[in-house]
Amino acid sequence: MKICSIVGARPQFIKAAVVSRAVRKVAREVLIHTGQHYDDAMSARFFRELEIPEPDYNLGVGSHLHGKQTAMMLERIEGVLEKEAPKLVLVYGDTNSTLAGALAAAKLLIPVGHVEAGLRSFNRKMPEEINRVVADRLSDFLFCPTPAAVENLRREGVTKGVRLTGDVMFDALKYYLKKAGADEVLMRFSLESEGYLLLTIHRAETTDDPGRLAAIFKALSGLDEKILFPAHPRTRKALKANAIRPGKNIRLVEPVGYLEMLALESRAKMILTDSGGVQKEAYLFGAPCVTLRDETEWVETVETGWNILAGAGPEAIKRAVGTFRPPGARPELFGDGRAAVKIADLIAKKRPKRPMD
Ligand code: UD1
Ligand code: UDP
């Protein structure tokens, strides 16, 4: 059986790294990189370090406004799918590459499998929310990471093809952590265990709102804590465009590789982020997480008391950093670390049919 997997952005490379390994045991995989992310630090480095097979196609789409970027992907993915005629297309998460991949496949009547289905923020101002809702509607296999995701789909009337597999990012963390070398990484960054906060910010809802971005950096710059900030290129550009200068306590560095990121997360005193993946990793490492958003798709990390939604208000952020202390218990929320194998098994057992059959 031939499967086409579509990736394009940093978190998708990490998810595909573990899923590809499992899927290649049951099917022939053709890997399509849309080219949404293209800097070495955002793309090629992940393929090298995580030993992801070279993409069979790189569509070289690059950065554009949403309409143009998605349209270019759609056109180019369609060409590849027509040529390859796979039995299934796998898409990941909630980026424009996910949307374009699901739409191109569905229009060609090729079944779609969505890894990380059912997530909802219930905020349609986020491009990711639109991408997830559409991808889920078009999918025949909906691989859900959490019971909450299954429940979100049930409420929308979607039950067919829905499977609770656990989260492939937990699989990735378990697999790659042993290669992370935390002591050396901390030495490289001149950091001490639990002596720093780790910050990531990149979501459009934060970077494209100068008031929000400025408020976050005002709050963080006023802290006594040492903060390491591997900055997404989008955020670096937004800071420059809005003349926002992070305080001296904030060390802005290039985006780090996944192995370095695992090392930094595992030793951080606290993690501050608007990333989806980083919220989960904070939980898995038992690092208190302050989420710089007003809502989250990963509700269980908040419900168990390990993640707090501080938004962008300077007072709420300062209070959270100063006082937030999670409880001891950390139940297993993201499966058993075998989500990728379960996905591959499901694909192998339940041979995909054309949609509507
Ligand atoms: C995308 C996803 C987001 C995900 C994130 C993961 C969409 C709508 N958003 O956001 O859900 O959380 O990836 O990191 O798909 N840029 C570079 N070099 C690169 C890539 C991007 O400089 O290699 C800069 C460009 O200025 C570009 C901007 O970052 O315009 C945004 O890139 P884009 O891929 O449009 O969205 P992300 O913010 O990365
Ligand atoms: N990540 C990384 N280097 C960085 C920042 C993040 O390897 O400099 C990893 C992080 O550990 C997680 C994933 O990228 O596994 C999350 O991706 P991102 O925050 O870009 O997107 P999101 O999860 O919000 O869609």
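Note that this is a predicted model, so its numbers are computed, not measured. Whatever order the structure lists ligands and atoms in, that order sets their numbers, starting from 1.
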Would L333 and F170 count as a side chain to side chain contact (heavy atoms under 4.5 Å, CB included) here? Give the steps. CA-CA 10 Å; L333 298 179; F170 181 31; over 6 Å; no
Passes side chain to side chain contact (heavy atoms under 4.5 Å, CB included), I201 versus F217? Steps please. CA-CA 10 Å; I201 296 183; F217 277 94; 3.8 Å; yes
Hey, mind stepping through L228 and L191 against side chain to side chain contact (heavy atoms under 4.5 Å, CB included) and telling me if it holds? CA-CA 9 Å; L228 182 71; L191 293 168; 3.9 Å; yes
Under the side chain to side chain contact (heavy atoms under 4.5 Å, CB included) criterion, do L59 and H33 qualify, and how do the steps go? CA-CA 6 Å; L59 307 181; H33 186 330; over 6 Å; no
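Using a non-hydrogen distance threshold of 4.0 Å, H64 does not register as a contact of ligand 1.
Nearest protein neighbour of atom 18 (N) of ligand 1, counting heavy atoms only, is D39 OD2, 2.9 Å. Atom 22 (O) of ligand 1 has its closest protein heavy atom at K237 NZ, 3.0 Å. Protein heavy atom nearest atom 30 (O) of ligand 1, with residue, atom name and distance: S63 CB, 3.5 Å. Nearest non-hydrogen protein atom to atom 16 (N) of ligand 1 is Y38 OH, 3.6 Å. T95 CG2, 3.9 Å is the protein heavy atom nearest to atom 2 (C) of ligand 1. When only non-hydrogen protein atoms are considered, atom 35 (O) of ligand 1 lies nearest to Q69 NE2, 3.8 Å.
For residues 171-182, the pairs satisfying side-chain hydrogen bond (donor to acceptor under 3.5 Å, both in side chains) are R21-Y176, with sequence neighbours left out. Sequence neighbours left out, the pairs with a member in residues 101-126 that pass side-chain hydrogen bond (donor to acceptor under 3.5 Å, both in side chains) are K15-E116, H114-D136, E116-K280, R120-D136, R120-E156, S121-E129, N123-E295. Sorted by first and then second residue, the side-chain hydrogen bond (donor to acceptor under 3.5 Å, both in side chains) pairs with a member in residues 268-278 read T200-T273, T206-D274, E225-K269; sequence neighbours excluded.
Contact atoms of ligand 1 toward N96: 7 (C), 8 (C), 15 (O) (distance under 4.0 Å to a heavy atom of the residue). In the vicinity of R203, heavy-atom distances shorter than 4.0 Å reach the ligand 1 atoms 12 (O). Of all atoms in ligand 1, listed by their number and element, those nearer than 4.0 Å to a heavy atom of R234 are 28 (C), 29 (O), 31 (C), 36 (O), 37 (P), 38 (O). With ligand atoms numbered from 1 in the order given, ligand 1 contributes 23 (O) to contacts under 4.0 Å with heavy atoms of M42.
Ion pairing between R234 and D208 holds under the 4.0 Å rule for side-chain N and carboxylate O.
Under the 4.5 Å side-chain contact rule for hydrophobic residues, L264 and L252 do not share a cluster. Hydrophobic clustering (ILVMFWY, side-chain heavy atoms < 4.5 Å, transitive): M72 and L81 are in one cluster. Hydrophobic clustering places F324 together with L197 (ILVMFWY residues linked when any side-chain heavy atoms are closer than 4.5 Å, directly or through intermediates).
Residues with a heavy atom under 4.0 Å from ligand 2: R10, P11, I14, F46, M169, H202, R203, P230, P255, V256, G257, Y258, M261, E265, S275, G276, G277, V278, E281.
Within 6.0 Å of atom CZ in R338, 12 or fewer heavy atoms from other residues, nucleotides or ligands are found, so the atom counts as exposed in its surroundings. The environment of R28 atom CZ is sparse: at most 12 non-hydrogen atoms of other residues, nucleotides or ligands sit within 6.0 angstrom.
Heavy atoms of E128 found under 4.0 angstrom from ligand 1 belong exclusively to the side chain. Under 4.0 Å from ligand 1, the heavy atoms of P11 that appear belong solely to its side chain.
In terms of polar-atom proximity, N131 is not counted as a contact of ligand 1, lacking any N or O under 3.5 Å from an N or O of the ligand. For ligand 1, the polar-atom distance check against H37 finds a nitrogen or oxygen pair separated by under 3.5 Å.
Which of M126, M73, H202 comes nearest to atom 4 (C) of ligand 1 through a heavy atom is settled by distance: it is H202. Counting only non-hydrogen atoms, the option in R236, H232, Q36 that gets closest to atom 1 (C) of ligand 1 is Q36.
Between the side chain of D94 and the main chain of N131, no donor-acceptor pair closer than 3.5 Å is present.
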